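In what follows, a single structure is set out as C-alpha cells and then discussed.
If you're wondering where the values come from, they're calculated on a predicted model, not measured in any experiment.
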Amino acid sequence: MSAAARAHEDESPNLDFAGTTPYEDYVQADVLTHLQHLRSDDPGEMVFLVTTQVMELWFTVIVHEWETAAQALRRDDIPVAVAALKRSIRELEALNHSWTPLAQLTPAQFNSYRGALGEGSGFQSAMYRRMEFLLGDKSASMLVPHRGAPRVHAELEKALHEPSLYDEVLRLLARRGHAIPASVLERDLARKYEPSPEVEAVWTELYSGDESGDLARLGETLTDVAELVWRWRNDHLVATRRAMGSKTGTGGSAGVAWLEKRATKNVFPELWTARSHV
C-alpha cells in the first residue's frame, strides 16, 4: 500500500462498532425518527406532526434554561442566570422559526388532516404549560387535562407552587435592597402574577441609573425573552388565523379569539411599563 493510501485510510472515520453507533447511543435518533404515527393519508400531516414534535423539544430545552436561571438567581449568581437566559433567547428564536413550515397552510390543506387531531390541541402541552408557569402565567385549572398522567401531573403541580423565574428576579431585587413590597414577595405562588406599581417603580429607578449595572442588564435580557414570547404568541395567532379562520379550536377553545387575547398580554409586565417613566 502506498504512503498516500495509508494516509487516506488513517483519516477515515471508524465504521465498525459492536452494537449501535456511539452517535445513536447518545442522540437516540432511531427513537426520534420513529415517533411519527400518521393518522391520515394526507402527505402534509408529516410536516405538521414533526414540526409539533420539534416544538416540544424546544419547550424542553427552554424550560431547562429558565430553571437553570431561576436556581442561579436564588444563589445571587447573576452571570450564570444571564448566560442561561441568553441561551434561551437563541432557542426561542429557533422555536419561533418552527412556525415557518406551517405559516402558509391554507384552510383546505389544514382541513385535509385536521380530523386526525381529534380533540388534541397545543394548549394541552405539559411542557409548554411549564414554560408558562415559569413566566408567572399560572392557573391550577391547567392541571386538569393531565390528571390521567400521574408523573406529568405531579411535575406540573410542583411547578405551579414553585416561584416563577420572575418571582426569583423580584426576590433578588429585594435582597439587593430594592423596595419590592411584601404583598409581592409573599403572594400565593400558585396564582397568576399581577403587575405592581411598586415593582414598576423599582425598574424605573434601575433603568434611570447605570445601564451597565448587572440588574439593568438582567432586566434587558428578560425583556429580550419577553419579546420573543410575545412574538411566539403572535406567530401562533397568525398561523392559526391563516389555517382555520375564526373556527373553534381543535381542543374546544375559541381558537383565534382565544389566541388574540393571549397575544395582547406581556410577560414581566413592569419591565415594559417602566419605560414610560424613564
Side-chain angles (χ1 to χ4, degrees), residues 32-33 35-66 87-139 141-142 145-146 192 223-269 272:
L32 289 173
T33 55
L35 291 175
Q36 295 73 45
H37 305 295
L38 303 180
R39 298 185 178 183
S40 78
D41 295 327
D42 190 274
E45 187 189 352
M46 177 61 94
V47 68
F48 182 85
L49 180 54
V50 170
T51 300
T52 304
Q53 291 174 337
V54 167
M55 288 177 177
E56 286 290 332
L57 292 174
W58 282 124
F59 297 160
T60 303
V61 176
I62 293 164
V63 164
H64 170 76
E65 302 288 21
W66 291 350
R87 287 194 301 270
S88 81
I89 289 168
R90 304 286 84 81
E91 293 147 10
L92 281 162
E93 288 172 342
L95 170 65
N96 289 0
H97 282 305
S98 298
W99 285 115
T100 303
L102 305 180
Q104 302 298 312
L105 277 176
T106 66
Q109 290 169 337
F110 184 48
N111 285 340
S112 63
Y113 55 80
R114 186 188 184 197
L117 277 68
E119 292 187 289
S121 174
F123 82 82
Q124 297 162 5
S125 166
M127 197 57 71
Y128 182 70
R129 193 57 48 204
R130 284 178 63 178
M131 277 181 59
E132 293 276 326
F133 285 2
L134 277 164
L135 292 170
D137 194 354
K138 295 186 177 182
S139 170
S141 65
M142 286 302 186
H146 306 284
K192 179 182 173 66
T223 304
D224 288 338
V225 168
E227 179 180 334
L228 286 165
V229 170
W230 178 82
R231 291 184 185 280
W232 158 266
R233 291 174 175 175
N234 275 272
D235 286 352
H236 188 183
L237 168 62
V238 171
T240 303
R241 180 183 284 150
R242 183 156 188 156
M244 54 179 278
S246 60
K247 290 186 289 191
T248 302
T250 51
S253 75
V256 164
W258 187 77
L259 293 173
E260 284 175 337
K261 183 178 179 180
R262 301 281 300 157
T264 62
K265 299 184 182 300
N266 286 319
V267 296
F268 317 145
W272 297 97

### Message
I need the full list of salt bridge (charged side-chain N to carboxylate O under 4.0 Å, His left out) pairs touching residues 41-59, with sequence neighbours left out, sorted by first then second residue.
### Response
none
### Task
Working to the nearest 0.5 Å, report the span between CZ of Arg242 and CG of Leu102.
12.0 Å
### Query
Is any side-chain heavy atom of Trp230 closer than 4.5 Å to a side-chain heavy atom of Val267?
no
### Query
Quick one: CG on Leu228 to CD1 on Ile89, what's the gap to the nearest 0.5 Å?
7.0 Å
### Query
Are the ring centres of Trp232 and Phe59 closer than 6.0 Å?
yes
### Query
Under 4.5 Å between any side-chain heavy atoms of Gln109 and Gln104, yes or no?
no
### Non-hydrogen atoms of Ala94 and Trp58 that approach each other most closely
CB-CZ2, 3.5 Å
### Task
Ignoring hydrogens and angles, tell me if any N or O in the side chain of Arg241 forms a donor-acceptor pair with the backbone of Glu260 under 3.5 Å.
no
## Note on the structure
Separation between CG (Leu135) and CZ (Phe268), nearest 0.5 Å, reads 5.0 Å
### Task
First locate atom CE of Met131, then atom CG of Asp137, and finally report the distance between them rounded to the nearest 0.5 Å.
11.0 Å
### From Leu134 atom CG to Trp66 atom CH2, the distance as rounded to the nearest 0.5 Å
7.0 Å
### Message
Checking Trp272 against Thr223 for the side-chain contact (heavy atoms from CB on, under 4.5 Å) test, could you report, in this order, the C-alpha distance in whole Å, the side-chain angles of both residues, the deciding distance, and whether it holds?
### Response
CA-CA 8 Å; Trp272 297 97; Thr223 304; 3.7 Å; yes
### Pairs involving residues 91-109, ordered by first then second residue, that meet salt bridge (charged side-chain N to carboxylate O under 4.0 Å, His left out) (sequence neighbours left out)
Arg90-Glu93
### Query
Is there a side-chain contact between Tyr113 and Arg39, using heavy atoms and a 4.5 Å cut-off?
no
### Message
Can you give me the closest heavy-atom contact between Pro145 and Ser141, atom names plus distance?
### Response
CD-O, 3.8 Å
### Straight-line distance of Glu65 CD to Ile62 CD1, nearest 0.5 Å
8.5 Å
### Task
Look only at the side chain of Arg129 and the backbone of Gln124, and say whether a donor-acceptor pair between them is shorter than 3.5 Å.
no
### Message
Applying side chain to side chain donor-acceptor pair (under 3.5 Å) to Gln53 and Gln36, what does each step give before you reach the verdict?
### Response
CA-CA 9 Å; Gln53 291 174 337; Gln36 295 73 45; 2.6 Å; yes
